[in-house]
Amino acid sequence: MAQVQATTDTEVTLQNIQELYRKFTHECPSGNLHLHEFKKIFGVSSKSSEEEVAFIELVFKSFDTNKDDKLDFMEYVAAVNLVLRGKLIDKLKWSFKIYDNDGNGCLTNQEVRRIIRIITKIKWHNDSNVETVDFICNRIFELTDKNKDSQISLEEFIEGAEKDPWLMEQLRLDLAPKNWFIRTQEKKKFPSV
């Protein structure tokens with residue numbers, strides 16, 4: 001009986017992927033989703049704030065795993081799966097990747113401050129004051145930088161987020177992509193797999 005269930009699950013997944021591919025190629029006839037299309041899908045336009053544009057560009061960059069400035073179908077499927085079905089640890093690794101601007105595997109105060117400034121402006125729709133950003137960044141480093149080397153490793157990032165609900169709220173970055181994927185799924189555009 002378990003084998004029948006597994007086969008059915010595989011067939012459903014295959015059907016979902018085929019439908020997702022059909023819709024992807026319809027919406028992206030070139031076979032790739034470019035940054036300007038990605039921005040349009042997220043509702044980012046010339047009227048959007050600098051922070052919203054910066055955040056969407058960071059999200060796009062994080063999904064563009066082969067760094068060719070476009071998302072192919074496989075990158076898109078991986079992004080949808082991460083955002084909608086990803087495990088917490090995978091979402092935290094993705095968040096870390098966005099924070100880690102230089103890609104060296106460690107977060108500096110400057111990298112954390114940059115993302116916190118963007119996120120606070122998006123969340124609160126106003127200019128985030130320096131005191132708020134400073135407080136959040138200092139608290140993040142207090143709770144995560146266990147070896148006090150003024151850098152946060154991936155391990156420290158994940159461990160800190162898993163132990164402290166406030167820290168988890170500050171470090172998770174799925175505020176926009178998850179909402180967008182859910183909205184578009186409800187509209188039957190780019191359904192999830």
Side-chain angles (χ1 to χ4, degrees), residues 20-86 90-103 107-137 140 166 168-193:
L20 182 61
Y21 184 73
R22 186 185 66 73
K23 292 195 181 238
F24 182 85
T25 56
H26 176 73
E27 295 294 325
C28 305
S30 70
N32 294 299
L33 182 61
H34 297 272
L35 178 59
H36 70 278
E37 295 164 321
F38 193 75
K39 286 179 180 178
K40 184 179 174 185
I41 288 169
F42 273 91
V44 172
S45 68
S46 59
K47 296 177 185 177
S48 298
S49 71
E50 182 182 320
E51 289 72 26
E52 290 170 317
V53 171
F55 182 73
I56 291 305
E57 288 174 357
L58 288 169
V59 170
F60 181 85
K61 182 180 167 186
S62 74
F63 292 147
D64 181 18
T65 56
N66 64 1
K67 308 297 181 219
D68 64 355
D69 296 324
K70 56 192 172 203
L71 301 183
D72 62 28
F73 179 68
M74 293 307 295
E75 289 168 323
Y76 178 76
V77 169
V80 169
N81 190 52
L82 171 70
V83 171
L84 293 179
R85 295 185 176 176
D90 295 324
K91 288 182 179 187
L92 287 171
K93 287 177 182 177
W94 172 68
S95 294
F96 184 88
K97 183 178 176 180
I98 290 177
Y99 276 93
D100 188 12
N101 189 50
D102 62 8
L107 305 182
T108 63
N109 194 290
Q110 183 180 9
E111 288 172 320
V112 172
R113 185 174 311 287
R114 175 177 173 244
I115 299 300
I116 295 300
R117 183 181 51 78
I118 291 170
I119 296 302
T120 55
K121 283 188 177 184
I122 291 172
K123 280 183 179 178
W124 298 326
H125 302 289
N126 62 14
D127 287 335
S128 57
N129 63 47
V130 175
E131 293 82 26
T132 302
V133 172
D134 283 345
F135 170 78
I136 293 170
C137 288
I140 287 171
W166 178 86
M168 175 70 78
E169 181 64 27
Q170 302 307 311
L171 298 178
R172 283 183 39 197
L173 297 178
D174 61 357
L175 60 119
K178 185 172 184 175
N179 293 337
W180 173 78
F181 280 117
I182 290 169
R183 276 196 320 273
T184 57
Q185 181 182 6
E186 289 169 357
K187 294 177 185 177
K188 302 291 187 217
K189 182 178 182 178
F190 289 139
S192 67
V193 290

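For the pair Ile116/Ile140, a side-chain contact is recorded, criterion being any heavy-atom separation below 4.5 Å from C-beta on. Two residues are said to be in side-chain contact when any heavy atoms from C-beta on lie closer than 4.5 Å; Leu171 and Tyr99 meet this criterion. Taking 4.5 Å as the limit, some side-chain heavy atom of Thr65 sits within range of a side-chain heavy atom of Lys97.
Residues Ile136 and Trp166 approach most closely at O-CH2, 3.9 Å, considering heavy atoms. For the residue pair Arg113 and Cys137, the shortest heavy atom distance occurs at CA-SG, 3.3 Å. Pairing each heavy atom of Leu107 with each of Phe96, the nearest pair is CG-CE1, 3.4 Å. Nearest heavy-atom pair, Asp72 versus Phe24, reported as atom, atom and distance to 0.1 Å: C-CZ, 4.0 Å. Taking all atoms of both residues into account, the shortest heavy-atom contact from Glu37 to Asn32 is OE1-O, 3.5 Å.
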### Message
One pair to check against side-chain contact (heavy atoms from CB on, under 4.5 Å): Gln170 and Ile119. What are the steps and the verdict?
### Response
CA-CA 9 Å; Gln170 302 307 311; Ile119 296 302; over 6 Å; no
### Trace of the side-chain contact (heavy atoms from CB on, under 4.5 Å) decision for Glu75 with Lys70
CA-CA 9 Å; Glu75 289 168 323; Lys70 56 192 172 203; 5.8 Å; no
### Message
Test side-chain contact (heavy atoms from CB on, under 4.5 Å) on Leu20 and Tyr76; report intermediate values, then the result.
### Response
CA-CA 10 Å; Leu20 182 61; Tyr76 178 76; 3.7 Å; yes
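Interatomic distance, Lys40 NZ to Leu33 CG, rounded to the nearest 0.5 Å: 11.5 Å. Residue His34 holds its NE2 atom at 9.5 Å from CG of Leu71, rounded to the nearest 0.5 Å.
Judged as a salt bridge (Lys or Arg N to Asp or Glu O under 4.0 Å), and not counting sequence neighbours, Glu50 has no contacts.
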Compile the donor-acceptor pairs under 3.5 Å between side chains in residues 55-64 and protein atoms, sequence neighbours left out, one pair per line.
unit_1 : atom_1 : unit_2 : atom_2 : d
Glu57  : OE2    : Lys39  : NZ     : 2.8
Ser62  : OG     : Val59  : O      : 2.7
Ser62  : OG     : Trp94  : NE1    : 2.7
Asp64  : OD1    : Lys67  : N      : 3.3
Asp64  : OD1    : Asp68  : N      : 3.3
Asp64  : OD2    : Asp68  : N      : 3.2
Asp64  : OD2    : Asp69  : N      : 2.7

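Under the 3.5 Å distance criterion, the side-chain polar atoms of Glu111 are matched with a main-chain donor or acceptor of Asp102.
No more than 12 heavy atoms of other residues, nucleotides or ligands shown are found within 6.0 angstrom of OH on Tyr21.
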